[in-house]
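Here the structure is laid out as C-alpha cells; the discussion comes afterwards.
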Amino acid sequence: MKDRQLLQETYADLLHNETDSDLLQLVQDLDSICNAPHPPASLNWTEVRVMHTEQMFEKRANILPFRARSRQWRPLRHARILVATIVLVLVLVGVGSVAPISNRLDGNQTAHAYTQVNQTQQNQDVKVTLLGAYASNSGTSLVTTVQIGNERGHLVVPDGTLTYQQENLGISSGSVFVAHVSRPNLSCQFYSYSAAHPPVDARMITLIWHVDQINIGQFPLTHDPGQTIHRNWTFQFTVLFHHDTSSPDTSTINLTQC
Amino acid sequence: MEYGYTLAIDSEPDEVDDEAALVEAAKANPTAFEPLYQRYKARLYRYLLLRVRREEDAADLTQQVFLKALSALPGYRVRGIPFAAWLFRIAHHIASDTYRLKKSAISWNALSDDEQLIAEVNLEDLILQQERLAHLHQLLDQLDPYKRELLALRFSAGLSTREIALVVGKSQAAVKKQLTRTLQSLKEQMV
C-alpha cells in the first residue's frame with residue numbers, strides 16, 4: 001500500500017493536492033485493487049517468442065527463410081532442383097528412411113510450421129546453423145545449413161544425438177533432403193530422428209542436439225566425396241511440441257522459394 | 001488495423017529515448033522485444049484483468065496482445081509517441097473485440113495478500129478495510145464499462161491522461177473530466 005505522499009505524487013492529476021480524506025482513501029483503495037493481481041507464472045516471454053516465430057513460419061506458407069542471392073542463380077534453379085531430387089533418392093536408398101517415399105513427394109499434405117531456432121555454432125572452418133525444428137510424437141525434424149569455409153555446393157549432413165531431459169531420443173535412419181542450394185557456400189538439409197521416448201504431456205520441450213560429425217556428400221555436388229569431419233557442435237533450443245502423429249518429414253515444406 | 005501514430009506529444013525525454021532504443025532493437029530483431037515484454041507484462045495483465053474480470057482470460061489476452069504487438073511492431077513509429085499508449089491501444093481493441101464486459105463477482109482471491117498482512121492494523125480495522133474493498137469491487141462491477149476502462153488504464157496500466165486519451169480516442173480534457181467525475185461518484189457511493 002502506498003503511503004500518502006507517494007500517492008499524491010503518483011496520482012497528482014487526480015488529487016490536485018486535495019486534502020479530501022475520502023478521496024484520498026478511494027484513490028488508495030483503487031491503487032491497491034488495481035495493482036494487486038500478479039501475473040501467473042505461465043506468462044513468460046519464451047512462449048510468446050516461440051508462438052511468434054511459429055506464426056512467422058506459417059505466414060510464409062512454410063517457405064524456408066531464404067532469398068535468392070542474385071539473379072545469376074536463376075537460370076540454374078531447375079537444374080539444381082533436379083539434381084537435389086536425384087540426390088534425395090540416392091541418399092534414401094543408402095541411408096534408409098522413416099517414411100514411405102510416396103509420402104515424401106506428395107505435395108498435397110499440409111505444411112508443418114517449424115519453430116525458428118536460428119542458432120549457429122562454428123568449429124574451425126565448419127559452421128553449422130540450426131534454422132528450425134519441428135517436434136512431434138513421431139519425431140523431430142531439424143532444418144540445418146552447413147558452411148565449410150568458402151567451398152560451395154556441398155551436400156553436407158550433420159549427424160549426432162538428440163537428447164530430451166538427458167534421455168537420448170535416438171537416431172533413426174535419418175532421412176536427408178537437400179532442399180536447395182540457395183546461396184553460395186550453403187546447402188540445406190532436413191532430417192528426422194525417431195522419438196524413442198516422446199514427451200507426451202509437454203507443450204514445449206527443450207532439446208539438446210549434439211553433432212559429432214559432418215558427412216560430406218558422396219555425390220557430384222562436391223569435389224571431396226565421402227569425407228567425414230569429426231568435430232563437435234552442440235545446440236540447445238526450446239520448441240513447441242506438436243501432439244500429432246504425422247511424421248514431420250520434409251516433403252510438406254515448400255522449397256521452391258529457396 | 002493500423003497502429004501507427006504521427007501525433008507528437010510531450011513525454012519524459014529519458015523514458016522516450018530508452019523505450020525508443022528498445023523498440024528499434026526489437027524491430028530489427030524480435031527476440032530483443034523481451035525487455036519491453038518484461039516491462040509491461042504486469043501492467044497489461046492487471047489492466048486486462050480489470051476489463052475481462054477473469055484471470056485465465058486476462059492471461060490469454062495478455063499473450064495475444066504481445067503477439068499482436070510483435071506483428072505490428074514494424075508499423076510503429078517512434079516520434080515522441082509513448083510506446084505504452086500504442087501497446088495499450090492494442091490491448092484495448094483486443095479486449096473490446098474479444099469480450100463483452102460482464103458484471104461478475106470478484107473473488108476474494110483477487111485482493112492483494114498485502115491486505116491480509118497488515119500486522120500493525122488491529123482486527124477491527126482489518127475487517128473494515130476488507131469490507132470497504134469488497135464494496136468498492138462491487139461498485140466497479142456495476143460501473144459503466146467505459147468508466148471502468150478509464151480507471152483500469154489509469155490505475156492498472158499506470159498511463160497518464162494524455163496516454164489514455166490516445167488509447168480511447170478522446171481528448172485529454174474529456175478523459176480527465178470523466179476520471180474526475182467517476183472518482184467523485186465512487187467516493188459518494190462509498191460513504
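By convention in this document, chain letters (A, B, ...) are assigned in the order of the sequence lines, proteins followed by strands, and residues within each chain are numbered from 1. Since we're looking at a predicted model, the values are computed, not measured.
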Subject >> Interface residue of largest heavy-atom contact number with chain B, from A:Thr53, A:Leu30, A:Asp22, under 4.5 Å >> reply: A:Leu30
**OP:** Rounded to the nearest 0.5 Å, what's the gap from NE2 on A:His38 to CG on B:Leu49? Could you check?
**Re:** 12.0 Å
Subject >> A:Glu9, CD: over 12 other non-hydrogen atoms inside 6.0 angstrom >> reply: yes
**OP:** List the steps and the verdict of side chain to side chain contact (heavy atoms under 4.5 Å, CB included) for A:Asn35 and B:Arg43.
**Re:** CA-CA 8 Å; A:Asn35 290 292; B:Arg43 289 163 64 182; over 6 Å; no
Original post:
Looking only at heavy atoms, what is the nearest atom pair of A:Pro37 and B:Arg46, with distance?
Top reply: O-NE, 2.7 Å
Subject >> Distance, nearest 0.5 Å, that separates OG1 of B:Thr180 from CG of A:Leu14 >> reply: 6.5 Å
Original post:
With respect to chain B, which residue among A:Leu43, A:Val27, A:Val48, A:Thr46 yields the maximal number of heavy-atom pairs within a distance under 4.5 Å?
Top reply: A:Leu43
Original post:
Would you call A:Cys34 and B:Leu50 a side-chain contact if the rule is heavy atoms closer than 4.5 Å?
Top reply: yes
Subject >> Side-chain donor or acceptor of A:Arg49 paired with backbone N/O of B:Thr31 under 3.5 Å >> reply: no
Subject >> Backbone of A:Asn44 reached by a side-chain donor or acceptor of B:Lys41 within 3.5 Å >> reply: no
**OP:** Tell me, for B:Tyr47 versus chain A, whether the close heavy atoms (under 4.5 Å) come from the side chain, the backbone, both or neither.
**Re:** neither
Original post:
Which heavy-atom pair separates A:Leu23 from B:Lys187 by the least distance, and what is that distance?
Top reply: N-CD, 3.6 Å
Original post:
Yes or no on side chain to side chain contact (heavy atoms under 4.5 Å, CB included) for B:Arg154 and A:Tyr11, after CA distance, side-chain angles and deciding distance?
Top reply: CA-CA 9 Å; B:Arg154 184 64 189 88; A:Tyr11 299 106; 3.6 Å; yes
Original post:
When you look at CD of A:Gln5, are more than 12 heavy atoms from neighbouring residues, nucleotides or ligands closer to it than 6.0 Å?
Top reply: no
Subject >> Shortest non-hydrogen contact from A:Pro40 toward B:Ala59 >> reply: CG-CB, 4.0 Å
Original post:
So, A:Asp13 and B:Lys176, do they make that salt bridge, N to O below 4.0 Å?
Top reply: no
Subject >> Side chain / backbone / both / neither for B:Leu140 at chain A, heavy atoms under 4.5 Å >> reply: side chain
Subject >> pair A:His52-B:Ser71: side-chain heavy atoms closer than 4.5 Å >> reply: yes
Original post:
Does any N or O in the side chain of A:Asp29 come within less than 3.5 Å of the main-chain N or O of B:Arg132, such that one atom is a donor and the other an acceptor?
Top reply: no
**OP:** Run the numbers on A:Glu47 and B:Gln63 for side chain to side chain contact (heavy atoms under 4.5 Å, CB included), then give the verdict.
**Re:** CA-CA 8 Å; A:Glu47 186 181 55; B:Gln63 299 295 70; 2.9 Å; yes
Subject >> Under 4.5 Å from a heavy atom of chain A, the part of B:Gln184 involved >> reply: neither
Original post:
How close do B:Leu183 and A:Leu26 get, heavy atom to heavy atom, and via which atoms?
Top reply: O-CD2, 3.2 Å
Original post:
Quick one: of B:Phe155, B:Tyr45, B:Phe66, who has the most non-hydrogen atom pairs under 4.5 Å with chain A?
Top reply: B:Phe155
Original post:
Are more than 12 heavy atoms from other residues, nucleotides or ligands located less than 6.0 Å from atom NZ of B:Lys170?
Top reply: no
